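Step one of this worksheet: look at the structure below.
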Number of protein chains: 2
Amino acid sequence: MIREEFRLKNQLCFRLYTASRLLTQVYHPLLSEHGLTYPQYLVLLVLWEKDAQPVNDIAKHLFLETNTVTPLLQRMEKEGVITRTKGEKDARQMIVSLTRKGRDLQKRLSEVPFAVGSAVLCDSITPESFPALFNMLDDIIAKLGNSKEQESRSQ
Amino acid sequence: MIREEFRLKNQLCFRLYTASRLLTQVYHPLLSEHGLTYPQYLVLLVLWEKDAQPVNDIAKHLFLETNTVTPLLQRMEKEGVITRTKGEKDARQMIVSLTRKGRDLQKRLSEVPFAVGSAVLCDSITPESFPALFNMLDDIIAKLGNSKEQESRSQ
DNA sequence: TGTATTTATATCGTTCACGATGCAAATATA
DNA sequence: TATATTTGCATCGTGAACGATATAAATACA
């Protein structure tokens, strides 16, 4: 006698986890061609919007901890797509900046968003249905992301 | 000049990835108390629905590869929540079965689905809005999961 | 000013994900 | 029936995630 609330069919998290993994797999061949992983691509998205950010700002944009981002940035530095320089005002900070190679990747990856977009489109997933999905996911992220901040603030 | 399609705000995958990670983090304290990780919990969900399944069936339910599931099952066996026995009809198969401890965990974790559910509920995420979200995520999973099967079939 | 606290980042250990590869059992085919 | 192919699982290497902890710089405050 399986309880309904334990059925895989009724799990929100499992759906998010699976959809996320499968969609990330769509990125893989497109990115590995340029020596990038998906999280590294996310770092580039952040830096293309605003160059020269400290580690902490990048981590906050991605809802990640610095202990995840730091090694990732170290690998990206080794690959020559970013540089990490000590902050001038604050010597604790590491300012992450795009290299020429990192900037140029935006042009070389220009087809990626469209390729991924077309991979998910189907009868029920259309450009028109995106806003509704985006809103729900944003609400989940806001709820869980904020409650996390509350936690750390109350300690 | 950032292109719109590269903005973090416009990325479906980033939302799925973030929502998945944040929601998985809600599970963490509830599961680690019982020595479980989230992927291990998913294996239990599968086995609670149907006990004694080969590795491959478990992997397929979770949209994972056996090279991810095998080490995970080995850890669960070491923890004493499952057993792995060679298949009788097919000696290549490893049949994964719940131990007494694994079965009992269902009762001990009975509050988990409700605790997680209440963690996401807010003004816009309600029991009424779940079906719409579930349907869209299921469509994404079906589209990407199926196209993966097509691939392997055509090789 | 001297000490305590906070902040920014880094290091470490464990557990996934997953591509690539290996191996043995089962099945297909010559 | 002998050989080729497929199937099911395991091993290996790399790169995340993330809790725990460390370290140095900045800030607060006594």
Side-chain angles (χ1 to χ4, degrees), chain A residues 14 17-29 31-33 35-43 53-60 62-79 84-96 148 151-153 155, chain B residues 14 17-29 31-33 35-43 53-60 62-79 84-96 148 151-153 155:
Chain A
F14 173 60
Y17 160 83
T18 303
S20 167
R21 284 181 31 252
L22 293 178
L23 190 48
T24 301
Q25 287 173 15
V26 174
Y27 281 90
H28 188 268
L31 297 179
S32 66
E33 192 181 345
L36 291 172
T37 64
Y38 180 69
Q40 291 174 11
Y41 173 71
L42 292 181
V43 169
Q53 297 192 54
V55 173
N56 218 352
D57 288 17
I58 295 172
K60 282 211 165 70
L62 301 179
F63 296 89
L64 290 168
E65 304 295 321
T66 60
N67 58 1
T68 298
V69 174
T70 292
L72 206 155
L73 294 173
Q74 288 169 343
R75 285 186 282 270
M76 291 178 79
E77 186 177 37
K78 205 184 290 179
E79 291 297 318
R84 302 185 314 136
T85 54
K86 266 221 175 89
E88 293 181 8
K89 292 177 302 184
D90 190 333
R92 293 170 303 179
Q93 289 187 331
M94 283 295 266
I95 307 298
V96 179
K148 244 187 124 184
E151 249 174 65
S152 61
R153 214 175 292 145
Q155 274 171 3
Chain B
F14 172 61
Y17 159 81
T18 304
S20 167
R21 282 181 33 253
L22 293 179
L23 191 48
T24 301
Q25 287 172 15
V26 175
Y27 281 91
H28 188 267
L31 298 178
S32 67
E33 191 181 347
L36 291 171
T37 64
Y38 180 69
Q40 291 174 11
Y41 173 71
L42 291 181
V43 169
Q53 297 192 54
V55 174
N56 218 351
D57 288 17
I58 295 173
K60 282 213 166 68
L62 300 180
F63 296 88
L64 290 167
E65 303 296 320
T66 62
N67 58 0
T68 298
V69 173
T70 291
L72 205 155
L73 293 173
Q74 288 169 341
R75 285 186 283 271
M76 292 179 78
E77 186 177 39
K78 205 184 292 179
E79 292 297 318
R84 302 185 313 136
T85 54
K86 265 221 174 92
E88 294 182 6
K89 291 177 303 187
D90 190 331
R92 292 170 304 181
Q93 290 186 331
M94 283 295 266
I95 306 298
V96 180
K148 243 189 124 182
E151 248 174 64
S152 61
R153 211 175 296 146
Q155 273 172 6

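These figures come from a predicted structure and were not determined experimentally. No hydrogens, no waters, no symmetry mates; every other heavy atom, side chains included, goes into these values. All chains are named by letter (A, B, ...) in the order of the sequence lines, taking the proteins before the strands, and each is independently numbered beginning at 1.
- Taking 4.5 Å as the limit, every side-chain heavy atom of B:Leu31 sits out of range of all side-chain heavy atoms of B:Gln40.
- Close to C:dT9, at under 4.0 Å from its OP1 or OP2, lies no side-chain N or O of A:Thr66.
- Dashed line: the shortest gap from a side-chain N or O of B:Gln74 to OP1 or OP2 of D:dT11 is under 4.0 Å.
- Side-chain contact between A:Met76 and A:Arg84 is absent, with no heavy-atom pair separated by less than 4.5 Å.
- Residues A:Phe14 and B:Tyr41 have side chains not in contact (no heavy-atom distance under 4.5 Å, counting atoms from C-beta outward).
- Taking CE from B:Met94 and CG from B:Leu73, the interatomic distance works out to 9.0 Å, rounded to the nearest 0.5 Å.
- OP1 or OP2 of C:dC16 sits under 4.0 Å from a side-chain N or O of B:Thr37.
- The A:Ala91 side chain lies nearest to D:dA25 when the options are C:dT9, D:dA25, C:dC18.
- Taking atom CD on A:Glu65 and atom P on C:dA10, their separation rounds to 14 Å, with Å as the unit.
- Each end of the helix from C:dT1-D:dA30 to C:dA30-D:dT1 yields a helix axis from five base pairs, and these two axes differ in direction by 10° (to the nearest 10 degrees).
- Rounded to an integer number of Å, the gap from A:Met76 CE to C:dA10 P is 14 Å.
- Considering only side-chain N and O atoms, B:Gln40 lies under 4.0 angstrom from the phosphate OP1 or OP2 of C:dC16.
- A:Asp90 places its CG atom 7 Å from the P atom of C:dA8, with the value rounded to the nearest Å.
- Between B:Asn56 and B:Gln93, every side-chain heavy-atom pair lies at or beyond the 4.5 Å cut-off.
- In this model, the phosphate group of C:dT9 is not approached by any side-chain N or O of A:Arg84 to a distance below 4.0 Å at OP1 or OP2.
- Residue-to-nucleotide proximity on DNA chain C shows that, of A:Tyr17 and A:Asn56, the 5′-proximal contact is made by A:Asn56.
- B:Met94 has its CE atom 21 Å from the P atom of D:dT7, to the nearest Å.
- Atom CD in B:Glu77 sits roughly 15 Å away from atom P in C:dT15 (whole-Å rounding).
- A close approach under 4.0 Å does not occur between any side-chain nitrogen or oxygen of A:Gln93 and OP1 or OP2 of D:dA25.
- Proximity of B:Tyr38 to the phosphate of D:dC18: no side-chain N or O atom is located under 4.0 Å from OP1 or OP2.
- In the set C:dC16, D:dC9, D:dC18, C:dC16 carries the atom at the smallest distance from any side-chain atom of B:Leu72.
- Looking at which nucleotide of DNA chain D each of B:Pro71 and A:Leu64 is closest to, the 5′-most match is held by B:Pro71.
- One can place CZ of A:Phe63 at 18 Å from C1' of D:dA16, the figure rounded to the nearest angstrom.
- Atom CG in A:Asp90 sits 8.5 Å away from atom CD1 in A:Ile95 (nearest 0.5 Å).
- Checking C:dC18, D:dA16, C:dT9 against every side-chain atom of A:Pro54, the shortest atom distance belongs to C:dT9.
- B:Leu42 CG to A:Thr18 OG1: the interatomic distance, rounded to the nearest 0.5 Å, is 7.5 Å.
- In terms of the side chain to side chain donor-acceptor pair (under 3.5 Å) criterion, B:Glu33 has no residue partners (sequence neighbours excluded).
- With rounding to the nearest 0.5 angstrom, the CD atom of A:Gln74 is 13.0 Å from the CD atom of A:Glu79.
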Under 3.5 Å, N/O pairs linking protein and nucleotides 21-24 of chain D:
none

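- The nearest whole Å value for the distance from the NZ atom in B:Lys89 to the P atom in D:dG8 is 12 Å.
- An OP1 or OP2 oxygen of C:dC18 is reached within less than 4.0 angstrom by no side-chain nitrogen or oxygen of B:Thr68.
- Side-chain contact check for A:Arg21 versus B:Leu64: some heavy-atom pair is nearer than 4.5 Å.
- Per the geometry, CG belonging to B:Leu31 stands 19 Å off P belonging to D:dA17, to the nearest Å.
- For the pair B:Thr24 and A:Glu79, both in contact range of DNA chain D, the more 5′-proximal nearest nucleotide belongs to A:Glu79.
- In this structure, A:Tyr38 and B:Tyr17 have perpendicular ring planes: the angle between them is above 60°, well past the 30° mark.
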